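Below: the structure, in structure tokens.
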Amino acid sequence: MKFEIACRTLGSMDISRRVASLKPSVTIAFMNRAKTMKAAGKDVLSFAAGEPDFDTPQPIKDAAIKAMQAGQTKYMPTFGDPETRSVLAKKLREENCIPGLTGDDITISSGGKHSLFNLCQCLFDDVKPGEQPMEAVIPVPAWVSYAPLVELAGGKVVEVPTTVETGFKASAAQIKAAITPRTRLLILNSPSNPCGTMYSPDELKAIGRVCAEAAASIAPNLIILSDELYEKITYGGIPHFSIGSMPEVAERTITMNGLSKAYGMTGWRIGYTGMPGAFGRKFTQAMSAYQGQQTTNLPAFLYPAIRTAILECGPQVEVMRQAFAKRAELINRLLGTLPGVTTARATGAFYAFPNVSAHFGKTSKGGRVIKSAMDMSEALLEENLVAFVPGEDFGGCGGQHVRISFACSEKQIEAGIGRFGEFLNGLR
Ligand code: GLU
């Protein structure tokens, strides 16, 4: 009897408030939905996942297989072997011009999202009664995981709104106005997920100067997080620039990168950060303590694969970049032919983020009233079997947009945008 009563109460137990209020990732949700529909035999064309369709280059696979066969299958130091950390530090020093970095300033985690999660935990605190939370300034629309992971760590998000007309870029003046004594983090992401646009070096330098001034006056705790996951995928004539290379802010900048996008390695889950200087060392040690109580190291046989990717696979990355450039040209052109769709030319990453709000208020062929990007994405998926990601969760004006990941063949892009056109033309 007592046992039955004990069992009955199980259903009414709650999970933690922290997780109960966590917003699931919409990118992952639509990606999974498209996969499930495909598995059920539906001819879905998916543009949901931010995932290159290219396989991991063979030398990278070979390095992991060789290491595994040689018995590299045991625990490693939390951020892996010194050799791999040194290779990443050298890459950031030489390619990204970030001064003074050594292997000891590198953290390696299970994907960019894991790096982001851990660094938020290291930079934000739970708010005590009577305290104001520290803030993360984020130009929006921005990747769906920034805000939830900042909030989960106890931070508060301050959105800096941008629009399609300005290529979704925040100006230095906007950033300056958003920084307060409580600002802990400014998150920059160029090339941008979901916008597919890039800041020019001059625009980033102006933002860097504003941050240096604010840090010297009102915001001494300010750290810049430069998310450079899409650094290698550029094709619009704008060179990639690492804000961490500016001497004024070098020791206040965490440069975050990973192997997922550039090397076709999304499933391997490899992300890393680099931060030079005295606080950088403190930060890296904090990340080590945190990850040491959590996942410890990546699978041991991945470290030689990381070195092979960084040191040997430039030519393969270039082949993929050229393919993305052609796809971007195609999608930029095709989107320009659609009625009521405004878009900023994609110049980096593999996303288009068109404004589709001119169609809100209309009804689809299947009888769905389209009041939002979510309604449109639902209807498009159900009726025309095309998966985009609705823009609401990217923040700011995102609710008027849909995200199209064009990391797929030109044939699929033509077919998918064709179906999207039919869908739009069918709205009444
Ligand atoms: N970053 C990719 C995307 O935006 C992968 C999914 C995710 O982690 O959000 O689609």
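Start at 1 with the first residue, then count along the sequence. Keep in mind that this is a model prediction, so the values were computed, not measured. Both ligands and their constituent atoms are indexed starting at 1 by order of listing. In what follows, every heavy atom counts, from backbone to side chain, and hydrogens, waters and symmetry copies are set aside.
- Ligand 1 is never approached by E51 to a heavy-atom distance shorter than 4.0 Å.
- Here the side chain of N189 pairs a donor or acceptor atom with the backbone of P191 at under 3.5 angstrom.
- Judged by distance alone, the side chain of Q291 and the main-chain N or O of I108 form a donor-acceptor pair under 3.5 Å.
- Ring centroids of H359 and F423 are separated by 6.0 Å or more, keeping the two rings apart.
- Residue I28 touches ligand 1 through its side chain alone, judged by heavy-atom distances below 4.0 Å.
- Across the listed options D393, V389, T27, T27 owns the non-hydrogen atom lying nearest to atom 7 (C) of ligand 1.
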For side-chain contact (heavy atoms from CB on, under 4.5 Å), just list the numbers for R281 and T102, CA-CA rounded to whole Å, side-chain angles, deciding distance to a tenth of an Å, and then say yes or no.
CA-CA 10 Å; R281 196 53 64 86; T102 72; 3.6 Å; yes

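- In terms of polar-atom proximity, defined here as any N/O pair under 3.5 Å, G50 does make such a contact with ligand 1.
- Heavy atoms of M31 come nearer than 4.0 angstrom to ligand 1 in no pair at all.
- A distance of 9.0 Å separates NZ of K169 from CG of L204, quoted to the nearest 0.5 Å.
- Heavy-atom proximity to K261, at under 4.0 Å, picks out these atoms of ligand 1: 1 (N), 2 (C), 5 (C).
- Taking any N or O of N193, backbone or side chain, at least one lies under 3.5 Å from an N or O belonging to ligand 1.
- Protein heavy atom in closest approach to atom 8 (O) of ligand 1: K113 NZ, 2.8 Å.
- Relative to the ring axis of F241, K205 places its NZ or CZ within 45° and under 6.0 Å from the centre.
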